[in-house]
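Predicted model only: the values in this text are computed from it and were never measured.
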Amino acid sequence: MIDVLVVDDSLVMRKAISRVFEQTDDMTVVDTASDGEAGVEKALRLKPDVVTMDVEMPKMNGIEAVRRIMDASPRPILMVSSLTEKGAEVTIEAMRAGAADFVPKGRSTATLRTNDVESTLLTKVRALARSDAQLFQDERSTPPDRRAASPPESGASSPDASVDLVVIGVSTGGPMALQHVIPELPAEFPAPVAIVQHMPPQFTRSLADRLDSLSALDVAEATDGMLLEPGRVAVAAGDYHLTVDRREGALTARTPTDPDDCAHRPSVNVLFRSAAETCGGNVLAVVMTGMGKDGLEGVRRMKDDGGTVYVQDENTSVVYGMPRVVAEAGLADGTFPLDELPGALRRAVGTPARP
């Protein structure tokens, strides 16, 4: 049985969220809390498998509550956030503090009663309950600010084949993981980077802004026609796919809404297939923490064209779903813990390692 603690300042919302869990056979709501202080106290005392956490609350907001829980008794925390610009910003900040993921609650309890939202909430809680709670404490530390790039080490070897583009697919646990990879890439990183993180509009922009503030690279939400050039990282915009085109020798981002029959938009498969079509074997793909199998078919296409594929390992993945299916299919050229991924990327593109 999965024990869930529900923290929300709205009585109506607490009841609505609790009702979603109580209708299942494998979950129970061990308690609820109406503010951050009570949420912290109950999380430390009851030690639930998963905590759902509101963002804006009296006495102590969700960000500070997450931080205190992760300091004292680390466990998976799922933010329940409004789909607004402010909601996106504070949710990204909460995930920086250690929250694993989020679900949108919209403006009313009616949003929670839709099948899609209920299913997402239940799926994420089940996935997080199976994860290693200690992981969240290990990985939540503040990433270093790489705006002032350190001098590179000498003696790095060049790769056997050129890499025109690095593509990354990530989902649950992604914002936290990306903050430990992208800021570690130096300003002289010679290949553009394109990222699909499963997130709705507003949130992808906040994520890009957050990564940009930490990185020596230029990180931005992808726009149609954006040049993909060395030193730039493009994060797929919520509700748009990210594809790659080549115009007069230059790689260019495209942001179509088709295909519209994908499980996710943006889709990792769509980006990976497009990268293979445009760059052939000169693509390095990275599949990181996340639920499901988005990216698997794109990886197959990439491998057919001679591309290289890395995956994040199980121990450092919040949810080992997307990397697992690639690894179990025998399509991974390398498996790396989160803290070793930046070095692996630097070696693959021939960039000297950091001191």
Query - R14 side chain to V6 backbone, donor-acceptor under 3.5 Å - result: no
Query - Inter-residue atom distance R254.CZ - L242.CG, 0.5 Å rounding - result: 11.5 Å
Query raised in the report: Should L271 and Y240 be regarded as members of a common hydrophobic cluster, given that ILVMFWY residues are connected when their side-chain heavy atoms come within less than 4.5 Å of each other, either directly or indirectly?
Result: no
Requested in this report: Determine yes or no for a side-chain-to-main-chain donor-acceptor pair under 3.5 angstrom, with T123 supplying the side chain and T120 the backbone.
Outcome: no
Query raised in the report: Taking D218 for the side chain and G231 for the main chain, is one N or O donor matched with an acceptor at less than 3.5 Å?
Result: no
Query raised in the report: Are any of the side-chain heavy atoms of V170 and V268 separated by less than 4.5 Å?
Result: no
Query raised in the report: Listed by chain and number, what are the side chain to side chain donor-acceptor pair (under 3.5 Å) partners of E221, not counting sequence neighbours?
Result: T204, R205
Query raised in the report: Say you draw a straight line from CG of L178 to CG of L214; how long is it, rounded to the nearest 0.5 Å?
Result: 11.5 Å
Report summary line: Taken to the nearest 0.5 Å, the spacing of H264 NE2 from Q197 CD works out to 11.0 Å
**Report entry** For A327 against Y320, the heavy-atom pair lying closest together
**Finding:** CB-OH, 3.9 Å
Query raised in the report: Say you draw a straight line from CE of M199 to OG1 of T91; how long is it, rounded to the nearest 0.5 Å?
Result: 8.0 Å
Report task. Nearest 0.5 Å please: distance from the CG atom of D54 over to the CD atom of E56. Result -> 7.5 Å
Requested in this report: Find out if a path of hydrophobic residues (ILVMFWY) with successive side-chain heavy-atom gaps under 4.5 Å connects V167 to V325.
Outcome: yes
Requested in this report: Verify the cluster assignment for M95 and I168: are they in a single hydrophobic cluster under the rule of side-chain heavy atoms below 4.5 Å apart?
Outcome: yes
Requested in this report: Decide yes or no on salt bridge (charged side-chain N to carboxylate O under 4.0 Å, His left out) for R324 and E314, but give the supporting numbers first.
Outcome: CA-CA 8 Å; R324 180 195 296 276; E314 181 173 8; 3.5 Å; yes
Query raised in the report: Can any side-chain N or O of D3 pair as donor or acceptor with the backbone N or O of D49 at less than 3.5 Å?
Result: no
Requested in this report: Go through the steps for L338 and M288 under the test side chain to side chain contact (heavy atoms under 4.5 Å, CB included), then give the verdict.
Outcome: CA-CA 9 Å; L338 184 61; M288 297 174 66; 3.8 Å; yes
Query - Test item: side-chain donor near acceptor, T316 and D313, under 3.5 Å - result: yes
Query raised in the report: Without hydrogens or angle criteria, can the side chains of T289 and S317 be said to hold a donor-acceptor pair below 3.5 Å?
Result: no
**Report entry** Under 3.5 Å side-chain donor-acceptor pair for H198 and D294
**Finding:** yes
Requested in this report: Take E89 and R210 through the test salt bridge (charged side-chain N to carboxylate O under 4.0 Å, His left out) and record every step on the way to the result.
Outcome: CA-CA 9 Å; E89 290 174 356; R210 172 65 185 160; over 6 Å; no
**Report entry** Closest contact, heavy atoms only, H180 versus M176
**Finding:** CD2-O, 3.1 Å
Query raised in the report: Can a donor-acceptor pair be found between the side chains of R96 and Q179 at a distance below 3.5 Å?
Result: no
Report task. Please report the closest heavy-atom contact between P266 and G238, naming both atoms and the distance. Result -> CD-CA, 4.1 Å
Requested in this report: Could you list all the salt bridge (charged side-chain N to carboxylate O under 4.0 Å, His left out) pairs where at least one residue sits in residues 20-31, not counting sequence neighbours?
Outcome: D26-R126, D31-K42
Query raised in the report: Would you say D9's side chain and S34's backbone share a donor-acceptor pair under 3.5 angstrom?
Result: no
Query - Side-chain heavy atoms of P192 within contact of L251, under 4.5 Å - result: yes
Query raised in the report: Hey, is the main chain of V219 close enough, under 3.5 Å, to the side chain of D212 for a donor-acceptor pair?
Result: yes
Query raised in the report: Sub-3.5 Å donor-acceptor pair from the side chain of D224 to the main-chain atoms of T255, do we have one?
Result: yes
Requested in this report: Would you kindly confirm whether M79 and V90 end up in one hydrophobic cluster when ILVMFWY residues are joined by side chain heavy atoms under 4.5 Å apart?
Outcome: yes
Requested in this report: Consider only side-chain N and O atoms of D101 and T172, and report whether a donor and an acceptor are under 3.5 Å apart.
Outcome: yes
Query raised in the report: If you measure only the distance, is there a donor-acceptor pair under 3.5 Å linking the side chains of R75 and S73?
Result: yes
**Report entry** Flag side-chain contact, heavy atom, 4.5 Å: V50 against I77
**Finding:** no
Query raised in the report: Got V287 and V299 here, is their nearest side-chain heavy-atom distance under 4.5 Å?
Result: yes
**Report entry** Given T252, V244, D164, V193, the one that forms side-chain contact (heavy atoms from CB on, under 4.5 Å) with L228
**Finding:** V244
Requested in this report: Check for a donor-acceptor pair, side chain of D333 on one end and backbone N or O of V309 on the other, with a separation under 3.5 Å.
Outcome: yes
**Report entry** Within 6.0 Å of CZ in F21, more than 12 heavy atoms from elsewhere
**Finding:** yes
Query raised in the report: Going only through I, L, V, M, F, W and Y residues with side-chain contacts under 4.5 Å, is there a path from L296 to V311?
Result: yes
Requested in this report: Return yes if some donor-acceptor pair links the side-chain N/O of S215 with the main-chain N/O of L211 below 3.5 Å, else return no.
Outcome: yes
Query raised in the report: Is there a donor-acceptor pair closer than 3.5 Å between any side-chain N or O of D305 and the backbone N or O of G307?
Result: no
